[in-house]
Structure formats: C-alpha cells, structure tokens
There are 2 protein chains.
Amino acid sequence: MTEKKEKILQAALELFAQEGFKSTSTSKVAKRAGVSEGLIFRHFENKEGLLAAIIQEGEERAKMLFANIVLETEPMEVVRKTFEIAQMMRISKEAADFWKLQYKIKWELEQYGEHKMEPLQRALTDAFAKLGYESPHLEAQLLLISLDGLATRFYLQDDFDIDPVIKLLKSKYGI
Amino acid sequence: MTEKKEKILQAALELFAQEGFKSTSTSKVAKRAGVSEGLIFRHFENKEGLLAAIIQEGEERAKMLFANIVLETEPMEVVRKTFEIAQMMRISKEAADFWKLQYKIKWELEQYGEHKMEPLQRALTDAFAKLGYESPHLEAQLLLISLDGLATRFYLQDDFDIDPVIKLLKSKYGI
DNA sequence: TATCTTTGTAAGTGATTACTCACAAATGAC
DNA sequence: GTCATTTGTGAGTAATCACTTACAAAGATA
C-alpha cells in the first residue's frame, strides 16, 4: 500500500461519510488526497471499486470488534459489551466516520449489511436465551434495532444527548 | 394546482424516495411526469424548491396524523396510537414513499427534522409521566428512537418481518 | 548500467447535470 | 373579440461527471 493510495482511501472515507457516495466526485477525492484524479482509477479501477475497498477495510475491523463479544460466555457480559460498542462511535473520529458511512450507504444504495451483524445477533440471542427471556431471537433483534435508532439520532441530530438514553436502555436490561 | 404540476410532485416523490434527492435528475422527473423539463423550473424555481414543496406537503399530513394523538388524554391510548402510526407505513404505498423519503433526506442532507416529531414527543412524555415512569422524557425519546430503528430495518432490509418485533416492543409497554 | 514494471500526472473524452430562454398554446377578464 | 397572464415546450447553455489515454518519473531486478 503506497502512501498516496492510503491518502485516497482516507480522503474518500471522509468525503463519502460527509456528503454521500454518489454526490462526492472523484475529482474532489483526488483534490483532498493531494493526488491526480487518474491515480484513483489506476488503484481502484472505478468509483465503485474505491467504495468497495473502504467497506472491505471496515468490515475486517468490525469482525475484530465483534470477536470479543462472540467469544464471551457470560450472558450479561455479552449484553454489556454490545452497549460498549454502541458507545465507541463517540471515541475515535475515524471509527465514527466509518460507521456513519455504513448508515449512509445503507440509505443511499439500499443494501442492508445484514451479514455483518449476524454473529453479534447470534451471540445476543444465545445470551438472552441463557438469561431466560421468552423470545431471545426477537429480543436480540429489538436491541440491535434500538441501537440503529440511537445511531440515527447520534449522527443526524446535532444537539442529541446520547448518554442518558443509553443509560435508560441499559437499565431495562439490568445493567 | 394544475394537473401537470401534481404529476411532477408525484413523480418526484417516487423518484426521490427510490434513488435519493441528489442523484435523481430533473430530466428524469420530467420524463416520468410526462412533462417538459422546463416546467419543473417554471413551477418550483429550482430542484431544491421541488423538494421543499414535497416536504411541506408531507409535513402537513404528518401534523394531521399527530393531532389525533396529541389530543388524547388517556395515557395508554397515547402510547398505543403511537404504535399505530408506526404500523401505518405498511398500508399505503404513497405514505410509505413519503416516510421513506423523510429518512433518506435525513441521511442525505443531514438535517434531522426534530420539530416535526416534537408534539408527538411531548404527548408521549406527558403520557409516561401520568403512567408513573421515572424518566418520562427519556422514555419518550427512547420509544421514538426505537421506532426510528424499526423504520430503518423496514425500509432497508428486504426480508424483515416487522410485526413480531413491534409486538414484543408493545408488550414491554403493557400493550 | 540496462530493462521492465509500477506509480504517477495532465490533458483530454463524451455524457449528463441543473437551469435558461425564446416562443407558442391555453386560459381568463372585460 | 381582444388583450394580458399563466401554463407549457424544445432547444439551447456552461459546468461537471466518471473515466481514458499518452507519457514521464521512480523502483526493482538483472
């Protein structure tokens, strides 16, 4: 991976997350990365290839993140660590950009990245089952759905105070 | 409102909801509406004006929808009717298009339409207070956030079975 | 050093974009 | 019927789009 190729990926991640995929031009990406526009096509073939590279890079990071949860055997810890992930978007600017891009892409290209969340959902289903919930699969779905909603507000509503809402939601799971 | 003007609004709603605002061209809208492209600019000045007209039309519809809830005094009925709204997107294709557009616009233009939901949130806060919840304001926020997450799945995940999840969520509020 | 491959650039390409403009048809008021 | 206004069209516009191409610089291998 050359230095300029990395610059392109970083610039594209920022711009796609800010302005969306379709409405970010390749010339803009090149300008922010400080390279010629042609270099984008040399490295990534076309604009979609650039997006694919960004998404793939992030999916590997997501896998690493979920691995920590999936291997957890203590059910309450599974739930607690799931909330931990939700709170992580607030830490690193790059992580926030990546997750924001995920949601933007969902709405822009209408492809729900179900598979990415599947291991987490299975771990949660298992945890809720162990905890004696009546419909563990539905409970797992509902928790992830609530976190989707939380992310929506977090990214789109400027003055949104996420912490007290997370705290309330946690309390409903006894955390 | 002339016939052709209405055709434009309808075509634009469909296309914006399907493909997004920025990546739907005015020529495409004109073609679907069966009018000349120039007529769009005659009636709406520019592309943003067309979007504004669509959104305004829908906001009035949303107000009417919420009015029924806001005037409700029985707190459990407020919560029940809120779920009723959530289930409405599944009925009419036009209503679905409108709400889908709302979410798409949120992510594309990053402007959260807070004000639109405010009367509903206040009614819910009031209801939860009457029902003796500890943090009625947060509870109202959390419920609306969960419904945001539900909408995300409903619109983006093809095989999503929304009914059992709504049923589970309802049960958590004693409905 | 000579040669081959990779990395990089600058100046293009035709297609599409939002939008304008000159003009015609329809409508309404008197 | 006449005139003014509104509604509508079709052929423009400059700017921008994703992408190509010809060619140069840099690195690696011998």
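Below, chain A is the first sequence line, B the second, and so on; all start at residue 1. Both backbone and side-chain heavy atoms feed into the values below; hydrogens, waters and symmetry mates do not.
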Inset, instruction - Can you sort out the partners of Glu14(B) under salt bridge (charged side-chain N to carboxylate O under 4.0 Å, His left out), two or more places apart, ordered by chain and number? - result: Arg32(B)
Inset, instruction - Could you identify which residues of residues 6-20 of chain B place a heavy atom less than 4.0 Å from some atom of DNA chain D, listed by residue number, or say none? - result: none
Legend entry - Inter- and intrachain pairs under ring-ring contact (aromatic ring centres under 6.0 Å, His included), touching residues 14-48 of chain B, at least two apart: Phe16(B)-Phe21(B)
Inset, instruction - State, with a plain yes or no, whether a side-chain heavy atom of Leu147(B) is found less than 4.5 Å away from one of Met117(B). - result: no
Legend entry - Glu37(B) and Ser27(B) side chains, donor-acceptor separation under 3.5 Å: no
Inset, instruction - Give one of base, sugar-phosphate or nothing for Lys4(A), where a contact means two heavy atoms less than 4.0 Å apart. - result: sugar-phosphate
Legend entry - Of all pairs that satisfy ring-ring contact (aromatic ring centres under 6.0 Å, His included), the ones with a partner from residues 126-153 of chain B, not counting sequence neighbours: Phe128(B)-Tyr133(B), Phe128(B)-Tyr173(B)
Inset, instruction - Give me the residues of residues 27-37 of chain B where at least one heavy atom lies under 4.0 Å from an atom of DNA chain C, by number, or none. - result: Ser27(B), Glu37(B)
Inset, instruction - Answer yes or no: does a side-chain N or O of Ser25(A) lie under 4.0 Å from OP1 or OP2 of dC17(D)? - result: yes
Inset, instruction - May I have all residue pairs that pass salt bridge (Lys or Arg N to Asp or Glu O under 4.0 Å) and include part of residues 43-63 of chain B, sequence neighbours excluded? - result: Glu59(B)-Lys116(B)
Legend entry - ILVMFWY cluster, Phe98(B) and Met64(B) together (side-chain gap under 4.5 Å): no
Legend entry - Side-chain touch Tyr155(A)/Met89(A), heavy atoms, less than 4.5 angstrom: yes
Legend entry - Approximate separation, where rounding is to 0.5 Å, of Ile145(B) CD1 and Arg153(A) CZ: 5.0 Å
Inset, instruction - Check every strand shown and say whether Ser23(A) touches a base, only sugar-phosphate, or nothing at a heavy-atom separation below 4.0 Å. - result: nothing
Inset, instruction - Please list, in 5' to 3' order, the outermost nucleotides of DNA chain C lying under 4.0 Å from any heavy atom of chain B. - result: dT17(C) to dT20(C)
Show me the side-chain donor-acceptor pairs of residues 65-74 of chain A shorter than 3.5 Å, one per line, residues at least two apart or across chains.
from, atom 1, to, atom 2, distance (Å)
Asn68(A), OD1, Lys81(A), NZ, 3.3
Glu72(A), OE1, Lys81(A), NZ, 3.0
Glu72(A), OE2, Glu74(A), N, 3.3

Legend entry - Distance below 4.0 Å between Lys22(A) side-chain N/O and dA18(D) OP1 or OP2: no
Inset, instruction - For Lys100(A), check salt bridge (charged side-chain N to carboxylate O under 4.0 Å, His left out) against everything at least two apart and list the hits. - result: Glu110(B)
Inset, instruction - Using salt bridge (charged side-chain N to carboxylate O under 4.0 Å, His left out) as the criterion, list what pairs up with Lys130(B), not counting sequence neighbours. - result: Asp126(B)
Inset, instruction - Check DNA chain C against residues 41-49 of chain A and give the residues with a non-hydrogen atom under 4.0 Å, in numerical order. - result: Arg42(A), His43(A)
Legend entry - Pairs meeting criterion salt bridge (Lys or Arg N to Asp or Glu O under 4.0 Å) with involvement of residues 165-175 of chain B, two or more places apart: Glu139(A)-Lys172(B)
